[in-house]
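Naming: A, B, ... by sequence-line order, numbering from 1 per chain. Note: hydrogens, waters and symmetry copies are ignored here, and every other heavy atom, side chains too, is used.
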Amino acid sequence: MINQTITDKDGVKRYLITLNVNGDARTVLVKGNAILANVLRDELNLTGTKKGCELGDCGSCTVLLEGKPVDSCMVLAIEADGLEITTIEGVAVNSKLDAIQEAMINFAAVQCGYCTPGMVLSAKALLTRNPHPTEPEVREAISGNLCRCTGYVHIVEAVLAASEGRLSPGEHEYLREEGVSI
Amino acid sequence: MYMPDFEYHAPKTLADACVLLDELGERAIVLGGGSDILHKLKNGHLTPEHVVSLKHMTHLTEIRHEEGRGIVIGALVTPHGVYTSKILQERYLSLPMASHEMGNPQVRNRGTVGGNICNASPLADLPPLLIALNASVKVVQYAGERIVPLEDFICGPGKTLIKRDEILTEVIIPDQPATGSTYIKFGLRKAGALAVVGVAVAVTVKDNVLADVRIVMGAVAPVPMRAKDAEALLRGQTITDVLLEQAADSAAAECKPITDLRGSAEYRRELIRVLTRRALRKAIDEGHV
């Protein structure tokens with residue numbers, strides 16, 4: 001609930017809001033037009049959330065809002081007042097990487113890495129509501145996250161492997177024929 | 001990306017919101033999920049002094065059936081909410097299926113049914129199917145409320161009959177004899193694609209006769225467009241493949257597509273012909289899908 005506003009000498013209002021980010025209540029003073037992605041990055045120093053298109057197409061700014069993936073570039077920070085937000089910084093618990101993160105490293109699912117935080121969060125939301133997804137379900141879940149390196153095959157493999165508790169590829173896993181996915 | 005300054009309001013109740021809008025009038029815009037509004041703020045198409053958020057109106061996130069009214073979808077229901085709605089899955093599965101083709105998962109978690117209508121994009125996915133299902137919308141303002149058929153409500157690209165002090169609160173799908181409905185979208189990719197063309201149909205089949213039919217074409221006119229000649233050709237007729245072909249030809253002849261970056265007018269017209277035939281066959285054979 002917005003309980004305090006401050007108006008500066010130019011008449012611009014700022015609002016005191018509380019974002020519950022990764023389990024911590026963070027109180028910030030924002031203008032009405034402040035975008036959630038910017039507040040996370042610039043005010044709270046959570047720069048794991050990336051900005052790409054800033055129009056809700058690329059998914060690199062994906063965060064979980066009340067457990068659901070949303071593009072944080074398309075949410076006003078003030079709209080998230082009082083809500084639970086999970087950013088990529090909140091996925092590892094006590095410095096222990098999540099299974100998805102572990103698998104993405106071991107399956108070489110990270111190329112330039114720019115889409116990775118968003119990919120991990122979309123995958124995290126999927127595995128939370130559906131712990132044993134099929135390949136099409138994984139592809140559907142990350143369909144709002146674009147990988148410019150086009151490294152989708154390994155990303156999908158890593159998410160499926162994480163769902164099976166298999167955090168590293170087997171010895172011959174990369175000897176498959178070209179273009180054949182698992 | 002640049003965002004203009006504005007004053008933000010989050011009224012606690014619909015009544016408070018109406019009072020506020022009555023006071024602010026042209027200076028305010030109403031914010032639902034923001035997927036379209038934030039675009040327009042960022043690219044400078046909207047420069048409001050005030051933004052009135054509906055985020056506290058949680059009763060507008062529900063879908064329910066009301067005796068005598070039909071299915072009432074709150075304006076703040078997200079496409080994800082439509083997709084997962086038990087009541088819609090049971091009665092009009094076509095709506096959950098259509099909503100699942102919108103945007104991408106992130107957008108489906110954030111956008112709203114009301115916003116998809118009020119944004120009035122000619123290629124929006126939900127309006128064609130809602131119009132085929134004879135839906136109306138309820139808009140409220142300080143002085144009262146009115147119910148407008150959705151077909152009349154959307155009146156141009158980005159234009160609806162809503163006034164700046166009004167809020168779209170509900171979409172109402174009346175109880176009806178329709179035995180089948182569907183929406184077929186043609187996009188250039190499987191996800192995150194806008195419709196090149198979309199065709200929605202609702203059919204009432206009795207003893208292999210089309211007692212009633214509504215065909216609505218998306219992205220081929222300034223507004224979702226009824227294929228009225230095709231409908232007239234079909235109504236009361238016994239269903240045959242030849243008849244459906246004729247109706248598809250008629251729909252293709254009636255539509256008014258333009259050429260843009262997603263497709264040429266000729267291509268769109270051909271798509272209308274193919275998708276109209278497919279949609280009719282699907283709704284006739286498989287019901288609400």
Counting only pairs under 3.5 Å, give me each side-chain donor-acceptor contact of residues 66-76 of chain A, with atom names and distances, residues two or more places apart or in other chains.
from: A/E66; atom 1: OE2; to: A/E84; atom 2: N; distance (Å): 2.6
from: A/S72; atom 1: OG; to: A/C61; atom 2: O; distance (Å): 2.7

I need the minimum non-hydrogen distance between A/Y15 and B/Y8, along with the two atoms involved.
OH-N, 2.8 Å
To the nearest 0.5 Å, tell me how far B/S35 OG sits from A/L55 CG.
11.5 Å
Crowded around B/M57 CE? As in, over 12 foreign heavy atoms under 6.0 Å?
yes
Heavy-atom closest contact (A/S122 atom, B/Q106 atom, distance):
OG-NE2, 3.5 Å
Taking atom CG of B/N104 and atom OG1 of A/T62, what is their separation to the nearest 0.5 Å?
8.0 Å
Closest heavy-atom contact between A/A141 and B/P105?
O-CG, 3.8 Å
Which bit of B/H100 comes within less than 4.5 Å of chain A, counting heavy atoms only: side chain, backbone, both or neither?
side chain
Given A/N38, A/D57, A/V12, A/I35, the one with more heavy-atom pairs under 4.5 angstrom with chain B than any other is A/I35
Non-hydrogen atoms of chain B under 4.5 Å away: do they reach the side chain of A/A125, the backbone, both or neither?
neither
If you count heavy-atom pairs under 4.5 Å between each of A/K13, A/E140, A/K31, A/E79 and chain B, which one has the most?
A/E79
Within a 6.0 Å radius of atom OH on A/Y114, are there more than 12 heavy atoms belonging to other residues, nucleotides or ligands?
yes
Residue part contacting chain A, namely of B/L31, when any heavy atom lies under 4.5 Å:
side chain
In this structure, are over 12 heavy atoms from other groups packed under 6.0 Å from A/R148 atom CZ?
no
Around A/N94, counting heavy atoms of other residues, nucleotides and ligands shown, do more than 12 lie under 6.0 Å from its CG?
no
Chain A shares the most heavy-atom pairs under 4.5 Å, among B/R189, B/R108, B/K55, with B/K55
Please check this pair: side chain of B/K42 against backbone of A/E54, looking for a donor-acceptor N/O pair closer than 3.5 Å.
yes
